[in-house]
Protein chains: 2
Amino acid sequence: MVRKKEECGLASRDKRVTLQDVADDAGVSRATASLVVRGSKSIKPSTHKKVIESIEKLGYVYDRVAASFRSQSSSTVGIVITDFENPFYHQMLTKVEDMLYEQQFTFLLGMSSESREKQERVLETMLEHRVCGIILTPVVDTQPTLFNKLRALQIPALLMGREVAGSGADYVGTDYRLGSQLAVRHLVEQGHRRIAYIGGMLPGNTAYQERIDGYCSALQEYGLEVDPKLIIPTPLNREGGIRAIQEVLQLENPPTACFCHNDIIALGVTIGLRLQGFIPGEHMAIVGFDNILETETVEPKLTTVSVFHDQWGVEAARQMLDRIGGLQSDPVKIIIPPKLIVRKSSVCFKGLPNLKA
Amino acid sequence: MVRKKEECGLASRDKRVTLQDVADDAGVSRATASLVVRGSKSIKPSTHKKVIESIEKLGYVYDRVAASFRSQSSSTVGIVITDFENPFYHQMLTKVEDMLYEQQFTFLLGMSSESREKQERVLETMLEHRVCGIILTPVVDTQPTLFNKLRALQIPALLMGREVAGSGADYVGTDYRLGSQLAVRHLVEQGHRRIAYIGGMLPGNTAYQERIDGYCSALQEYGLEVDPKLIIPTPLNREGGIRAIQEVLQLENPPTACFCHNDIIALGVTIGLRLQGFIPGEHMAIVGFDNILETETVEPKLTTVSVFHDQWGVEAARQMLDRIGGLQSDPVKIIIPPKLIVRKSSVCFKGLPNLKA
DNA sequence: CTGAAAGCGCTTACAG
DNA sequence: CTGAAAGCGCTTACAG
């Protein structure tokens with residue numbers, strides 16, 4: 001028996017089922033089928049049913065690429081993070097995913113690895129994919145010109161945690177200055193007079209600068225002097241904390257408390273103290289920043305400043321959805337207030353043993 | 001002065017610059033411009049230069065949606081994970097992102113939250129977006145029928161860490177059975193005779209079942225009996241570890257060592273021991289599974305089974321790229337051999353103090 | 001190496 | 001509520 005090519009099993013399997021096929025099968029027009037697929041209310045129930053049945057029968061898969069293309073719209077949001085290791089992103093991404101998903105949006109994820117060049121290329125790729133919005137944790141030295149193209153294409157952008165002056169983008173973050181003040185005030189109230197700041201110092205980056213400001217101003221509130229020797233720059237990871245505390249312990253006149261840039265560093269400080277034979281908390285008070293999960297399970301539990309990263313995700317998604325919905329306004333700054341979480345690491349201090357022994 | 005609408009600033013800003021605009025500006029045809037954009041070798045350098053200049057001048061952004069649509073191809077891979085909290089994913093995603101990015105692929109990320117229904121909907125959305133491949137960590141009770149549609153559409157799928165019998169998908173994982181054997185043998189060699197297994201027991205899931213098998217068979221190698229009371233099911237998180245060790249410590253005849261389903265549970269066990277006044281490692285030997293970063297900074301450092309999750313990412317990306325490239329073959333199983341990493345938590349045992357005191 | 005024409009699978013007015 | 005026609009911005013043969 002001779003078959004025409006279109007009737008061959010192989011040929012038909014290679015061919016995608018289209019809305020036209022569904023319409024033919026259901027005995028309606030393509031336009032009608034399209035309305036059914038998109039859940040229009042103005043379709044007779046009996047017609048709706050027929051079309052749905054044909055869709056199931058034929059295994060039709062809606063082609064969003066074609067739909068986006070035709071309507072020149074998009075349901076894809078681009079999210080660019082610096083890396084996957086930082087626990088900060090997990091709560092944030094979980095919330096953002098949840099909320100965007102609810103509204104039928106999908107997201108493209110990119111990673112900048114703290115490289116300005118990679119960030120630029122990732123962003124360009126996302127524009128090529130016609131995302132309808134971008135949520136970005138900018139790398140440290142991001143220039144405002146990065147956002148020129150986004151503005152020209154009228155694609156809303158939202159920055160997370162790090163501001164870029166002149167970007168014209170919305171911003172979600174916290175008041176790092178206040179957070180640092182809360183931490184340092186608490187330590188002073190606990191009786192500490194010499195308090196180290198352990199963390200990065202990247203000039204021009206607000207998230208860094210504000211912490212230092214808060215640290216200094218809180219000390220000054222109590223008439224305490226800022227000793228530059230107690231400001232210890234270090235890489236923002238566990239190792240950085242371990243190395244920094246070794247440095248601290250060798251100072252002429254060591255501090256009795258450490259306020260750390262983030263929890264990861266504070267955990268490094270905890271480890272580092274043990275490595276040197278000290279008891280974290282008892283010999284040296286410690287306060288972190290972020291309130292990651294590990295702060296509750298480390299011994300001693302870590303006092304920290306919670307910045308509610310899950311809330312950042314909620315606000316970022318909400319604001320982005322508003323912008324995608326067409327909201328026109330000047331750039332918005334959403335600041336989630338930080339809160340001090342007091343745990344054992346800052347309230348069990350017994351004094352430093354003689355270091356020079 | 002009367003202007004035609006097309007000449008208005010506003011109208012032209014709303015209109016996307018197309019390849020035709022670039023071609024017009026450069027004085028070539030659209031086909032030529034298309035070749036330049038896609039980096040064809042068969043274009044005169046002078047023509048290439050003219051087109052590139054026009055692209056920059058006009059701020060042209062390549063429209064991948066249109067290109068994908070026309071060529072009926074795709075450069076987007078879908079990745080579905082169960083959640084963002086598990087550190088397992090971080091190394092894996094980092095490698096996958098890197099390698100796909102090198103090859104000009106982008107990825108859509110979805111989260112199943114261990115819900116079968118959500119997993120199904122996320123997958124459907126990805127198909128609608130015409131991904132060219134799917135990398136999936138399936139939820140525990142995933143049915144092989146989930147993959148029928150993928151097969152019909154000839155979209156390659158790859159499973160990470162959990163097999164689904166009959167799925168027809170490629171698989172990247174480790175030998176959980178061997179990993180458990182390595183851990184338990186080590187504990188027996190250290191003199192332990194009563195060794196608990198703390199972790200989930202989800203029947204039908206190979207990643208779980210294989211661990212139990214390895215645990216039992218290693219004990220039997222040494223002629224030790226398997227005591228069902230020492231197999232403690234618990235949620236796969238820190239709290240689960242904390243609660244499980246409390247249970248263990250109340251047993252009539254408690255074990256002297258715990259082999260844990262993963263590092264997070266082992267960290268919970270460590271915390272739990274301290275909470276009860278015991279010294280982890282000295283009073284109870286502990287071995288984890290995964291080799292996450294935290295195992296090196298906890299006190300005592302955690303002995304664990306490394307399964308090289310970064311290597312999973314490399315292999316998954318490589319295999320997926322092969323499939324996307326058209327590789328036809330039966331489903332492949334890529335097994336990364338596990339390795340025991342001995343640290344302090346399993347080699348400083350001094351014996352359990354009298355529990356019933 | 002370049003140009004003219006067709007078409008990917010939808011959505012969008014516009015009639016009926 | 002339904003149908004016929006146009007077109008989104010590219011790529012793909014096919015001639016020249």
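Below, each value reflects all heavy atoms present in this structure, side chains not excepted, and no hydrogens, waters or symmetry copies. Chain A is the first sequence line, chain B the second, and so forth, proteins listed ahead of strands; every chain is numbered from 1.
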Between C1' of C:dG7 and CD of B:Gln72, the distance in whole Å = 10 Å
Tabulate atom names and distances for all N/O pairs under 3.5 angstrom spanning the protein and nucleotides 1-4 of chain D.
| residue | atom | partner | partner atom | Å |
| --- | --- | --- | --- | --- |
| D:dC1 | OP2 | A:Ser42 | O | 3.2 |
| D:dC1 | O5' | A:Ser42 | O | 3.4 |
| D:dT2 | OP1 | A:Thr47 | OG1 | 2.8 |
| D:dG3 | OP2 | A:Ser29 | N | 2.5 |
| D:dG3 | OP2 | A:Ser29 | OG | 3.1 |

For B:Leu150, all residues meeting side-chain contact (heavy atoms from CB on, under 4.5 Å), sequence neighbours excluded = B:Leu127, B:Ile134, B:Phe147, B:Ile155, B:Ala157
Partner set under side-chain contact (heavy atoms from CB on, under 4.5 Å) for B:Met99, not counting sequence neighbours | B:Val314, B:Ala317, B:Arg318
Please report, rounded to the nearest Å, how far the P atom of D:dT11 is from the CD atom of A:Glu128.
-> 11 Å
Restricting to pairs with a member in residues 124-150 of chain A, which pass salt bridge (charged side-chain N to carboxylate O under 4.0 Å, His left out), not counting sequence neighbours?
-> A:Arg116-A:Asp141, A:Glu124-A:Lys149, A:Glu128-B:Arg64, A:Arg130-B:Asp63
Which of residues 63-71 of chain B have a heavy atom under 4.0 Å from DNA chain D?
-> B:Asp63, B:Ala66, B:Ala67, B:Phe69, B:Arg70, B:Ser71
Listed by chain and number, what are the ring-ring contact (aromatic ring centres under 6.0 Å, His included) partners of A:Phe107, not counting sequence neighbours?
-> none
Taking only residues at least two apart or on different chains, which pairs with a member in residues 92-102 of chain A satisfy salt bridge (charged side-chain N to carboxylate O under 4.0 Å, His left out)?
-> A:Glu97-B:Lys118
Distance in angstrom units between B:Arg38 CZ and D:dA13 C1', rounded = 12 Å
Rounded distance (Å) that lies between atom C1' of D:dG9 and atom CG of B:Asp21 | 10 Å
Ring pair (Phe, Tyr, Trp, His ring centres under 6.0 Å) contacts touching residues 37-72 of chain A (sequence neighbours left out) = A:Phe69-B:Phe69
Check ring-ring contact (aromatic ring centres under 6.0 Å, His included) between B:His90 and all other residues, then give those that pass, not counting sequence neighbours.
-> A:His90
Pairs touching residues 28-41 of chain B that satisfy salt bridge (charged side-chain N to carboxylate O under 4.0 Å, His left out), sequence neighbours left out | none
A:Cys132 and A:Val77: side chain to side chain contact (heavy atoms under 4.5 Å, CB included), yes or no, with the steps?
-> CA-CA 6 Å; A:Cys132 56; A:Val77 173; 4.1 Å; yes
Contacts of A:Thr106 that satisfy side-chain hydrogen bond (donor to acceptor under 3.5 Å, both in side chains) - sequence neighbours left out = B:His129
Enter the distance from B:Gln319:CD to B:Asp170:CG here, rounded to the nearest 0.5 Å.
-> 4.0 Å
Residue-phosphate contact under 4.0 Å: A:Gln20 side-chain N/O, C:dC10 OP1/OP2 | no
Starting at the 5' end of DNA chain D, write a dot or bracket for each base, bracketing those in Watson-Crick or G-U wobble pairs whose two distances are under 3.5 Å and using | for partners on another strand.
-> |||.||||||||.|||
